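The structure under discussion appears below in the form of structure tokens.
Keep in mind the model is a prediction, meaning the values are calculated, not measured. Convention: sequence-line order gives letters A, B, ...; per-chain numbering from 1.
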Amino acid sequence: MTNLELAWALTEMGDLLELKGEEPFKVRAYHRAARALENLEEEAASLYARGALEEIPGVGKNLAKKIAELLTTGRSTFLENLRREIPPGLREMLAIPGLGCRSVRQIHQGLGITTLEELERAAREKRIRTLPGLGSKTELAILQGIEMLKEVREQVPLGIARPLALLFQDQLLNIPGVEKVAVAGSVRRGCEMVGDIDLVVAVRPGNQVAEVMGHCPQVKEVLAREPDRLSLRTVLGVKVEIIMVPPGEFAATVFYATGSKGHRKGLLRLALARGLKAADIGLITPRWLAEEEAVKGEAVPGLEKGEEIRENREIEAEPAGSIAGEAAFYHRLGLPYIVPELREDRGEIEAALKGELPRLITVEDIRGDLHMHSRYSDGVETIAATAAAARRRGYRYLAITDHSRSLVVARGLSVEQVKAQREEIARLNDELEDITILAGIEVDILADGSLDYEDEILKEFDLVIASVHTGFRQEEGQIMARLEAALRHPYVDILGHPTGRMLGRRRPYAVDVARIIELAAETGTILEINASPDRLDLNDTAVRLAKEYGVSIAINTDAHDPGRLADMEYGVLTARRGWLEPENVVNTWGLERLLARLKRNREKGGK
DNA sequence: GCCGTTTTCGGCCCGACTGTTTTCAGTCG
């Protein structure tokens, strides 16, 4: 069992205990341990093997025993008993913003409701307001919450799907009769939410794929089993589609299964316009041929029929990240290779035709992380340990940006602590040779639009990120006034997680993203791509708009644990989906150039 | 349920906002 699956099991235990009415500190112990497991760099299974489960912070005798049972049997009697006691629908209700466990219990006991469907009906029939302490606003919140949950039903964030996809890829490669495996679909394109994991497998006859995968510990049930297709559901509830093809059809099938549908159709229309058939390009699998039929007769805007194909001699044969043979399909169409992140039918084919595809940023371009938390606020590690982790990633600089004083839950820093932290950072910078720590802060944009420290304090930092953590429910006018004040502030260098959304859990606050981008361009403020796979904020389309406006971007992990510095890859994927080049991203720059770009330093020198 | 250069018991992040209310409980970050 993977750390992620263990974390999910502990989270579920915590949620069910909370619904049961257990004391809050006990509940929190489960949730804390779950988070520790998620961030753990070593697999819990190997810790268990050397009898060291209790070394995990927040795991004592009791939890170690429960984790051990999960690791050895794949099950938990404790969890199964809880599930029998508490209907699972109640846990789903906790995901509705505004509903806590007290309200859910109230609804369950008062109306006998156990599922989201029953809850929705009761809210529509205005029965929720008959319960003491609940009224019409709560009814509205329930309906809106269910609406949000429906949008992401059957979907999981990329941060869950991608590691699982890679795990399945490894397992498939070890099965007799398997020659090649590739992750395809929305995971390969780097989409923020994933409906199902698509894997393409090149197999020889008589392979064991169906038998072995059906019994793999991550698999809960087999949804469908056909000669060339296996559909599974994992214990985390994610759907996995395994497509099995002869080795000769591998590249074309991966190409097909990567999508998106719009991109595929665009390519087929282009082929038709040039008098080519799918078969001429090498796309001879049944799926491609069926799709070709579907697009016949559709016009191709901006293309002359039979226009001659220009050969592009600069094209590399096997671009990084491509499947062997995939680039050739594009080349036969006279196009350079288009990476999966761009295959969204958002103008990439036109750009490729004109030779105007961006030279996309990669993780290797990143030279530092500008948003990280330490033990001074709600991070789990010391500044020294965080810097060491950043250095191991090959970074040249990092910014420690703890929370400001009014965010008490996160132990926001008092002015005295700010000073102490700055002194510690100065000491560390004296000792460290090949990496620089910037003394930063993530300052709260307060409900009235002011910042959480006075200007005299703010101007002393090397770098200031301003973020909204309160007043999420304000109306657009109010939210925008706060954000505008922050963007216009002379000491705000970066706007952190600009929309405040949490994927599948919380909608953005009432923000006009286009206006934010306009203001960022006007004021020279850098906008963040928060790389945490729970956020990915800004998202891909907003990022692309920002690029068009010439707004600089910082890709930051917001890591509260050095283990999460690796989330950078999700931020970079989002940046790539937003067509960003290294030049657009300030943390690909050298330190001197980065510092000179900050608003605080520009204004000093009169730009 | 975890944890301990104050503690093996008694702490554990706490204050603001909001909805439902006549004085506060629940929820959130």
Side-chain angles (χ1 to χ4, degrees), chain A residues 9-11 13-37 53-67 76 78-79 82 93-107 110 123 126 128-142 144-145 373 375-380 402-414 417 442-448 452 467-475 478-479 482 496-497 500-502 505-509 530 532 534-535 537 558 560:
Chain A
L10 289 183
T11 306
M13 290 179 200
D15 288 350
L16 295 175
L17 287 169
E18 190 176 9
L19 284 164
K20 220 181 126 181
E22 277 287 357
E23 56 159 326
F25 291 115
K26 192 180 196 175
V27 172
R28 203 162 66 202
Y30 281 84
H31 288 146
R32 266 186 51 207
R35 212 168 139 190
L37 274 163
L53 279 179
E54 288 182 50
E55 282 176 18
I56 303 169
V59 174
K61 276 207 166 48
N62 258 298
L63 286 179
K65 223 190 280 174
K66 288 178 175 114
I67 293 169
S76 163
F78 180 70
L79 181 55
L82 278 173
M93 293 178 205
L94 281 182
I96 296 170
L99 277 196
C101 67
R102 284 298 287 268
S103 305
V104 170
R105 285 219 313 271
Q106 175 94 276
I107 289 166
K126 306 191 194 306
I128 301 297
R129 63 184 70 177
T130 63
L131 296 167
L134 300 177
S136 60
K137 290 249 174 104
T138 308
E139 248 165 22
L140 191 65
I142 288 171
Q144 285 172 343
H373 295 272
R375 267 186 212 173
Y376 275 83
S377 68
D378 58 348
V380 302
D402 277 310
H403 289 289
S404 61
R405 61 185 166 197
S406 76
L407 206 65
V408 185
V409 245
R411 297 198 300 276
L413 271 56
S414 67
Q417 287 173 306
E442 183 181 15
V443 66
D444 257 54
I445 302 170
L446 301 177
D448 64 358
D452 201 11
S467 307
V468 167
H469 292 116
T470 51
F472 288 86
R473 294 206 232 180
Q474 288 175 350
E475 289 181 11
Q478 221 175 339
I479 290 270
R482 288 166 73 186
H497 42 73
R501 72 164 181 179
M502 301 284 265
R505 282 191 283 160
R506 191 172 75 204
R507 284 229 168 87
Y509 33 70
N530 193 291
S532 162
D534 291 330
R535 293 186 182 269
D537 181 12
D558 196 357
H560 288 65

Problem set entry | Approximate separation, where rounding is to 0.5 Å, of A:Met93 CE and A:Arg105 CZ | 13.5 Å

Problem set entry | Below 4.0 Å: OP1/OP2 of B:dC12 and any side-chain N or O of A:Lys26 | no

Problem set entry | Gap in Å between the two P atoms, one belonging to B:dT18 and one to B:dT7, rounded | 43 Å

Exercise. Does A:Glu442 reach the main-chain N or O of A:Ser467 with its side chain, forming a donor-acceptor pair under 3.5 Å?
Worked result: no

Exercise. When we call it a touch if two heavy atoms are under 4.0 Å apart, what does A:Lys66 touch: a base, just sugar-phosphate, or nothing?
Worked result: sugar-phosphate

Exercise. Which one is paired to B:dG26, where only Watson-Crick or G-U wobble pairs with both distances under 3.5 angstrom count?
Worked result: B:dC17

For this session: For A:Leu446 and B:dG15, give me the distance from atom CG to atom P, rounded to whole Å.
Result: 16 Å

Exercise. Between A:Ala64 and A:Val59, which heavy-atom pair has the shortest distance, and what is it?
Worked result: N-CG1, 3.6 Å

For this session: Before accepting this row, confirm whether a basic side-chain N of the pair A:Arg505/A:Asp534 lies closer than 4.0 Å to the acidic partner's carboxylate O.
Result: yes

Exercise. Over how many whole Å does the gap from A:Leu16 atom CG to B:dG1 atom C1' extend?
Worked result: 16 Å

For this session: For A:Thr470 and A:Arg482, work out which heavy atoms get closest and say how close.
Result: O-NH2, 3.0 Å

Problem set entry | A:Asp378 CG - B:dC13 P separation (whole Å) | 12 Å

Exercise. B:dC13, B:dG19, B:dC2: which one has an atom nearest the side-chain heavy atoms of A:Asn62?
Worked result: B:dC2

For this session: Could you work out the separation of B:dT20 and B:dG10 based on their P atoms and round it to a whole Å?
Result: 40 Å

For residues 25-32 of chain A, run the donor-acceptor check on the side chains, cut-off 3.5 Å, and write out each pair with its distance to 0.1 Å, sequence neighbours left out.
residue : atom : partner : partner atom : Å
A:Lys26 : NZ   : A:Glu22 : OE2          : 3.4
A:Tyr30 : OH   : A:Lys66 : NZ           : 3.1
A:His31 : NE2  : A:Asp15 : OD1          : 2.9

For this session: Find the distance between CG (A:Leu413) and CZ (A:Arg405) and round it off to the nearest 0.5 Å.
Result: 11.0 Å

Problem set entry | N/O donor-acceptor pair under 3.5 Å between A:Arg501 side chain and A:Asp537 backbone | no

Exercise. When you compare B:dC13 with B:dG29, how far apart are their C1' atoms, in angstrom units rounded to a whole number?
Worked result: 11 Å

Problem set entry | Between C1' of B:dC2 and CZ of A:Arg35, the distance in whole Å | 16 Å

Problem set entry | Residue whose nearest DNA chain B nucleotide is more 5′ - A:Arg411 or A:Leu131 | A:Arg411

Exercise. Taking CD from A:Glu23 and P from B:dC2, how many angstroms apart are they, rounded to a whole number?
Worked result: 12 Å

Exercise. If you measure only the distance, is there a donor-acceptor pair under 3.5 Å linking the side chains of A:Gln144 and A:Arg507?
Worked result: no

Polar atom pairs between nucleotides 26-29 of chain B and protein, under 3.5 Å, N or O only, would you list them?
residue : atom : partner  : partner atom : Å
B:dG26  : OP1  : A:Arg102 : NE           : 3.2
B:dG26  : OP1  : A:Arg102 : NH1          : 3.3
B:dG26  : OP1  : A:Arg102 : NH2          : 2.6
B:dG26  : OP2  : A:Arg102 : NH1          : 3.4
B:dG26  : O3'  : A:Ser103 : OG           : 3.3
B:dT27  : OP1  : A:Gly100 : N            : 2.7
B:dT27  : OP1  : A:Gly100 : O            : 3.3
B:dT27  : OP1  : A:Ser103 : N            : 3.0
B:dT27  : OP1  : A:Ser103 : OG           : 2.2
B:dT27  : OP2  : A:Arg102 : N            : 3.2
B:dT27  : O5'  : A:Gly100 : N            : 3.2
B:dC28  : OP1  : A:Gly98  : N            : 2.6
B:dG29  : OP1  : A:Arg506 : NH1          : 2.6
B:dG29  : O5'  : A:Arg506 : NH1          : 3.4
B:dG29  : O3'  : A:His469 : O            : 3.2

For this session: Would you tell me if any nitrogen or oxygen in the side chain of A:Ser406 comes within less than 4.0 Å of OP1 or OP2 on B:dG15?
Result: no

Problem set entry | Pairwise C1' distance for B:dT21 and B:dC12, with rounding to whole Å | 31 Å

Problem set entry | Whole angstrom value for the distance that separates C1' of B:dG1 from CG of A:Leu53 | 15 Å

Problem set entry | Protein-nucleotide distance (A:Phe25, atom CZ; B:dC13, atom P), rounded to Å | 7 Å

Review item, nucleotides 3-9 of chain B N/O atoms under 3.5 Å of protein N/O:
residue : atom : partner : partner atom : Å
B:dC3   : OP1  : A:Gly58 : N            : 3.1

Exercise. Distance between the P atoms of B:dG1 and B:dT5, in whole angstroms?
Worked result: 23 Å

For this session: Determine the interatomic distance between P on B:dC9 and the same-named atom on B:dC14; round to the nearest Å.
Result: 24 Å

Exercise. Just how far, in rounded Å, is P of B:dC2 from OH of A:Tyr30?
Worked result: 7 Å

Problem set entry | A:His373 and A:His403 aromatic ring geometry - parallel, tilted or perpendicular at 30°/60° bounds | parallel

